[in-house]
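Structure first, commentary second.
From a predicted model like this one, the values you see are computed outputs, not experimental measurements.
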Amino acid sequence: MTAPEDLEMDFDRDALIGVFLAEAEERLGQMEGGLVLLEDHPSDEELLQAIFRAAHTLKGNSATLGFGALTEFTHVLEDLLERVRSRTLPVTGDLVSLLLGSVDILRQLLSDAARGLDGMSDAQRSYLGRLSSVLGNTSAEAAPVEGPFSERGPEEGPEGSRAEKSVEIPGLNLLTRTLRVDIDRLDQMLDLVGEIAVSRGRLRQLLEQRRNSDLEEALEVHEETDRLDMDLQELVMKIRMIPVGPTFHHFARTIRDLSRTLNKQVRFVTEGEDVEVDMTVIERIRDPLTHMIRNAVDHGIEAPDVRASAGKDPCGCIRLRAFHDTGSIVIQIVDDGSGLDRARLVERARAKGLVEATEELGEIAVNQLIFEPGISTSDAVTELSGRGVGLDVVRRNVEALRGSVEVESEAGRGTTITLRLPLTLAIIDGFVVKASDESYVIPVEAVIECIDLPAEERGTGLSGLINLRGSPLPYLRLRELFGLPGEAAPRENVVVVRNETAQAGFVVDALLGGSQIVIKPLGRLFRGLPGVAGSAIVGDGRVALILDVPRLVRTALSREIPRSFVPSNSTERAREARLVGEKP
């Protein structure tokens with residue numbers, strides 16, 4: 001008879017733990033979202049069952065892999081949830097806060113488990129004791145949450161935010177890069193890969209024979225391979241598309257905790273949860289959304305008594321909405337709060353020297369001031385606001401995604417912030433231009449038109465202004481901007497581009513046409529280069545830089561050329577220094 005140890009399966013424990021970590025984080029997300037909803041819908045049986053099942057599954061999987069601390073903590077939490085499920089423990093705000101704090105503790109224990117640690121700290125053990133005391137409390141009331149694990153969670157940063165910062169877990173940092181893929185789509189991919197292999201084999205055979213009579217057939221095979229390759233690329237792009245709903249739900253906890261901290265009442269509504277976008281866009285938009293939602297709760301939504309005195313519902317509303325529009329995804333953060341204090345914004349901007357004392361700004365320009373660094377309408381510096389930091393980072397991050405951000409606000413009625421983002425960051429339709437011997441890529445979505453540079457403007461100037469059908473158009477000459485050698489082309493072209501409501505021109509030596517561009521990230525050494533958003537390999541096999549259109553348009557409008565743009569040639573340096581009004 002075979003010994004039991006001979007029946008043990010030989011499995012990859014590391015791979016199994018990786019699957020466990022991904023699923024555990026998903027379960028914790030379900031529990032967190034469910035608990036926030038439970039506070040508003042305490043009698044929802046289905047919701048209670050879902051939260052209990054998530055905890056039960058996490059406990060079972062932890063026990064299977066031998067994670068004792070996770071198992072012990074989840075076991076007590078499961079017992080507490082069972083009391084809630086059996087209606088022997090009522091759902092209160094304090095109880096929900098206690099349970100949400102437990103989710104934060106479980107995330108910490110999950111992080112430890114991923115690093116091979118199994119045990120609880122004194123603080124975690126103390127929190128477990130708090131859960132146990134509620135279980136043994138015959139009054140069936142949860143004790144108020146206090147101490148190191150307050151309502152905002154066990155890990156608060158310097159500005160009072162809990163784990164909007166991603167949990168630093170080796171292997172878990174890539175959780176958002178793990179996708180559930182429909183098996184039918186994988187089958188389609190496999191079929192396409194097989195057809196491409198056959199087509200490439202035919203093409204190779206024809207090329208090896210080198211007979212003129214086969215050139216036409218070789219071209220047909222090449223075109224067929226291109227078609228199959230495009231089909232495969234389209235399918236891969238579809239697989240990368242994920243709904244925005246789970247990301248939106250993440251903010252329910254943020255709003256709930258922050259509103260309780262500020263003694264405000266805020267209702268959170270989501271729309272367009274099924275809208276799909278590239279997973280990379282989702283990853284990189286999470287932090288900007290967090291900044292704007294926190295800003296809406298802190299600055300936008302008024303206190304209940306203030307809202308009531310103004311004839312408004314004491315409970316404010318923040319609406320997070322997503323929809324597709326002309327090849328882009330649009331995300332809007334809408335609040336029904338007090339709106340922007342435009343007079344205060346202009347006052348602060350003038351104090352900072354961003355606006356001249358006599359300069360009059362339009363509504364759009366005033367609204368955009370909230371994205372300037374150091375601008376805040378708060379009278380005092382608190383844990384949450386007052387330093388003028390946050391929304392300037394939002395604009396920078398959104399533009400790094402080749403997106404734009406717009407603001408609409410009405411005093412007493414609220415504010416709407418609109419983000420317009422590309423559906424994918426992997427591939428774009430690019431317009432390739434040439435300056436000197438270098439190629440550059442401009443996203444087609446930013447290009448309005450191409451015109452000849454007027455003869456009187458030809459030369460070597462870094463920037464200038466031309467008349468475009470009665471309107472002034474500032475321009476930058478890429479050759480001078482990037483310090484490229486050689487003489488200007490006899491005939492120069494202006495590529496007219498837009499950023500939100502502004503337009504500018506890029507003067508180039510040649511227009512090479514449009515093509516589909518696969519974006520490659522810049523190396524660590526070149527990250528943060530002004531005016532450059534990425535790189536790509538173009539048709540001739542050379543590397544071309546992708547231009548950061550929003551940054552360059554603002555540069556053309558302001559005529560303030562950053563030092564890192566300016567060529568090292570001393571004569572050019574002196575001339576350009578005079579242009580921006582500094583000493584050479």
Side-chain angles (χ1 to χ4, degrees), residues 13-36 38 50-84 95-136 142-143 145-157 161-176 178 246 249-250 253-254 257:
R13 179 175 171 81
D14 290 340
L16 189 60
I17 289 177
V19 173
F20 164 74
L21 294 176
E23 290 191 352
E25 180 62 26
E26 184 177 335
R27 302 292 180 195
L28 291 175
Q30 292 171 354
M31 290 173 62
E32 184 175 64
L35 288 168
V36 172
L38 185 65
I51 297 169
F52 181 85
R53 283 196 302 270
H56 181 73
T57 301
L58 179 59
K59 185 190 78 170
N61 291 343
S62 301
T64 299
L65 289 171
F67 294 136
L70 265 172
T71 305
E72 181 184 359
F73 197 97
T74 314
H75 179 72
V76 177
L77 176 61
E78 184 185 28
D79 287 344
L80 190 58
L81 289 171
E82 175 59 33
R83 289 275 304 278
V84 178
L95 177 64
V96 171
S97 294
L98 186 73
L99 295 173
L100 286 171
S102 300
V103 173
D104 294 330
I105 297 291
L106 287 172
R107 281 200 172 100
Q108 295 174 3
L109 294 174
L110 193 63
S111 171
D112 293 340
R115 295 195 297 267
L117 304 176
D118 188 14
M120 293 189 210
S121 66
D122 292 341
Q124 291 165 346
R125 182 67 65 181
S126 173
Y127 205 89
L128 182 61
R130 193 174 302 168
L131 296 182
S132 300
S133 69
V134 174
L135 274 173
V145 180
E146 57 185 3
F149 301 119
S150 64
E151 291 173 0
R152 278 175 284 171
E155 289 184 291
E156 290 190 353
S161 62
R162 55 161 285 288
E164 279 88 35
K165 316 174 190 73
S166 59
V167 182
E168 293 297 329
I169 304 179
L172 263 184
N173 292 338
L174 301 179
L175 283 179
T176 53
T178 302
H249 294 161
H250 167 84
R253 171 80 184 275
T254 302
D257 290 350

Kindly indicate whether the side chain of Gln124, heavy atoms from C-beta on, has any atom under 4.5 Å from the side chain of Phe73.
-> no
Determine yes or no for a side-chain-to-main-chain donor-acceptor pair under 3.5 angstrom, with Tyr127 supplying the side chain and Asp122 the backbone.
-> no
Can you name the nearest heavy-atom pair linking Val96 to Leu35, along with the distance?
-> CG1-O, 3.6 Å
Should Arg125 and Glu72 be marked as a salt bridge (charged side-chain N to carboxylate O under 4.0 Å, His left out) after you check the CA-CA gap, both sets of side-chain angles, and the distance that decides it?
-> CA-CA 10 Å; Arg125 182 67 65 181; Glu72 181 184 359; 2.6 Å; yes
Does a side-chain heavy-atom distance below 4.5 Å link His249 with Glu32?
-> no
From Ser62 atom OG to Leu110 atom CG, the distance as rounded to the nearest 0.5 Å = 7.5 Å
Rounding to 0.5 Å, atoms CG (Leu135) and CG (Leu77) come to a distance of 9.5 Å
Least distance between heavy atoms, Leu58 atom then Ala24 atom | CD1-CB, 3.7 Å
Taking only Lys NZ, Arg NE, NH1 and NH2, and the carboxylate oxygens of Asp or Glu, determine whether Asp257 and Arg253 approach each other closer than 4.0 Å.
-> yes
Using atom types as modelled and distance alone, determine if a side-chain donor or acceptor of Thr74 lies under 3.5 Å from a backbone N or O of Lys59.
-> no
So which heavy atom on Ala63 is nearest to which on Thr71, and how close?
-> N-OG1, 3.2 Å
Distance from Leu80 atom CG to Arg130 atom CZ, nearest 0.5 Å?
-> 12.5 Å
Looking at NE2 of His75 and CG of Leu128, how far apart are the two atoms once the value is rounded to the nearest 0.5 Å?
-> 10.0 Å
Mind running salt bridge (charged side-chain N to carboxylate O under 4.0 Å, His left out) on Arg83 and Glu78 for me, showing each step along the way?
-> CA-CA 9 Å; Arg83 289 275 304 278; Glu78 184 185 28; over 6 Å; no
When the ring planes of Phe67 and Phe20 are compared, do they come out parallel, tilted or perpendicular, using 30° and 60° as the limits?
-> tilted
In Å, rounded to the nearest 0.5 Å, how long is the span from CD of Gln30 to CZ of Arg53?
-> 9.0 Å
Atom pair CG/CG of Asn61 and Leu21 - distance to nearest 0.5 Å | 11.0 Å
Verify the distance criterion only: is there a donor paired with an acceptor across the side chains of Arg115 and Ser111 at less than 3.5 Å?
-> yes
Here the pair of heavy atoms bringing Gly119 nearest to Ala69 is N-CB, 3.6 Å
Is there a side-chain contact (heavy atoms from CB on, under 4.5 Å) between Leu81 and Leu99 once you walk through the steps?
-> CA-CA 9 Å; Leu81 289 171; Leu99 295 173; 4.1 Å; yes
Can Asp112 and Asp118 be said to form a side-chain contact (heavy atoms from CB on, under 4.5 Å), step by step?
-> CA-CA 7 Å; Asp112 293 340; Asp118 188 14; over 6 Å; no
